[in-house]
Amino acid sequence: MNSIKIFGIIGGDKRQLFLAESLLRDGYGVILAGFDKLKGQGFNNLSDVRAAALFSDAVILPLPCVRTDKSINAPFALQNIYFSDDELEALSQKPVFTGMRGRLLRVYPKLANALVYDYAERDDFAILNAVPTAEGAIEIAMREYEGTIFGSRSLVTGFGRIGKLLARMLRSLGSDVTVSARKLSDLAYIQALGYRAVNTESMKSAKGYELIFNTVPSMIFDENLLENTDRTALLIDLASLPGGVDFESARRLGIDAHSAPGLPGKCSPKSAGEIIKKTVFSIIEEVNR
Ligand code: NAP
């Protein structure tokens, strides 16, 4: 992969635009495709998917790479993007960096033997991506909660990558933070770091919190727990689909619950684009070693 001079960037949101800009600043060529809606808005050198697939040395696809209708995730494209056979042939001869490789291969099994790398499944990506996610969650809380985070009582369920960073940010804003986890070692860390600790698996009540953030990718806030949650709480579900909140029950109970997917792309596309670039370059470096 030493000889990559031109990246094809096919589909994606604002993250990919910042990624393209950053690659250009680094001296790479970039062929951007799937952004036709932006034509005339300062983006006049947009190309078609075929050119990006054929005339690049490597291709970067978005996260998630394909939608449920099997088209490439390209919100700025005028028409849905589906790869043709000759585009797949071109892609199978060069490195392809994508989010959610498994989904891409299910839709395009012809790429099964190609050099397809998943940047999103890597820990280095997910840890850095947790920063814009946690900041995005704080942004939603500031917008939707009528009080201040300072002086609030907050609960973060899950002490993984996002939970750890979010708990720290909430505390630095002056919230009284409780964190839930299921491993004894995590519960000990939570206590050692000065938060209140609760066990996610034995949590029967979430009363007493004004702000609740779920990061656990499993049904935590089911009907029972929601029955034992303050009606005035703001509940933000950060976990990927199907998420960890029974929104139907939350609505019925009058709890203000929000599903908040894709925060890095929505709230911090510049940083999120840089994180994709950094991870892609790390993969290239590892392969070249
Ligand atoms: P993570 O590092 O894997 O942390 C997940 C946490 O949930 C861990 O504490 C884990 O505990 C716990 N957990 C998992 N399954 C559980 C269960 N069945 N019962 C109790 N606890 C459980 O994940 P992350 O990087 O923080 O991401 C959290 C979620 O946010 C994921 O769904 C991820 O895809 C999503 N995400 C959302 C956004 C967004 O914009 N909203 C952005 C990036 C990622 P153990 O360590 O004990 O397993």
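Numbers here simply count residues along the sequence, with the first being 1. Since the model is a prediction, treat every value here as computed from it, not as a measurement. We count ligands from 1, going down the list as the structure has it; atoms in each ligand are counted the same way.
With hydrogens and angles left out, the side-chain atoms of E210 and S154 include no donor and acceptor closer than 3.5 Å.
Of all the heavy atoms of R161, the ones lying under 4.0 Å from any atom of ligand 1 are found in both the backbone and the side chain.
The shortest N or O to N or O distance between F159 and ligand 1 is below 3.5 Å. Checking only distances, T215 never comes within under 3.5 Å of ligand 1, N or O to N or O. Taking only nitrogen or oxygen atoms, main chain and side chain alike, A260 reaches within less than 3.5 Å of ligand 1. Checked against a 3.5 angstrom limit, the closest N/O atoms of S240 and ligand 1 fall inside it. Polar contact with ligand 1: present for R182 (N/O pair, distance under 3.5 Å).
Counting heavy atoms from C-beta on, the side chains of L111 and L91 come closer than 4.5 Å. Residues D57 and F7 are not in side-chain contact: their nearest non-hydrogen atoms beyond the backbone lie 4.5 Å or more apart. Between K94 and V59, the closest side-chain pair of non-hydrogen atoms falls below 4.5 Å.
Checked by atom type and distance alone, the side chain of D118 pairs as donor or acceptor with a backbone atom of R101 at under 3.5 Å. For the pair D230 (side chain) and T232 (backbone), a donor-acceptor distance under 3.5 Å is absent. Using a distance-only test at 3.5 Å, with no hydrogens or angles considered, a donor-acceptor pair links the side chain of D36 to the main chain of L78. Within the 3.5 Å criterion, the main-chain N or O of V177 finds no donor-acceptor partner in the side chain of S175. When atom types are taken as modelled, the side chain of T215 and the backbone of A239 share no donor-acceptor pair closer than 3.5 angstrom.
In this structure, F125 has its ring center closer than 6.0 angstrom to the ring center of Y119. In this structure, the ring of F213 has its center no less than 6.0 angstrom from the ring center of Y145.
Residue, atom and distance of the protein heavy atom nearest to atom 22 (C) of ligand 1 are V216 CG1, 3.3 Å. Nearest protein heavy-atom contact of atom 27 (O) of ligand 1 is I162 CD1, 3.4 Å. If you check which protein heavy atom lies closest to atom 46 (O) of ligand 1, you get K183 NZ, 2.7 Å. Scanning the protein for heavy atoms near atom 38 (C) of ligand 1, the closest one is T133 CG2, 3.6 Å. For atom 40 (O) of ligand 1, the nearest non-hydrogen atom of the protein is L263 N, 2.7 Å. In this structure, the protein non-hydrogen atom closest to atom 37 (C) of ligand 1 is L238 O, 3.0 Å.
With respect to the salt-bridge test (charged N to carboxylate O, under 4.0 angstrom), the residues R50 and D48 do not qualify.
Checking P217, A272, G160 against atom 4 (O) of ligand 1, the nearest heavy atom belongs to G160.
Note on ligand 1: A130 sits outside its first shell, no heavy atom being nearer than 4.0 Å. Using a 4.0 Å cutoff on heavy atoms, G262 counts as a contact of ligand 1. Residue A126 places no heavy atom under 4.0 Å from ligand 1.
Distance check for atom 42 (C) of ligand 1: a protein heavy atom is found below 4.0 Å.
Every atom of ligand 1 is numbered from 1 in the order shown, and the set under 4.0 Å from a heavy atom of P261 is 40 (O), 41 (N). Heavy-atom proximity to P264, at under 4.0 Å, picks out these atoms of ligand 1: 40 (O).
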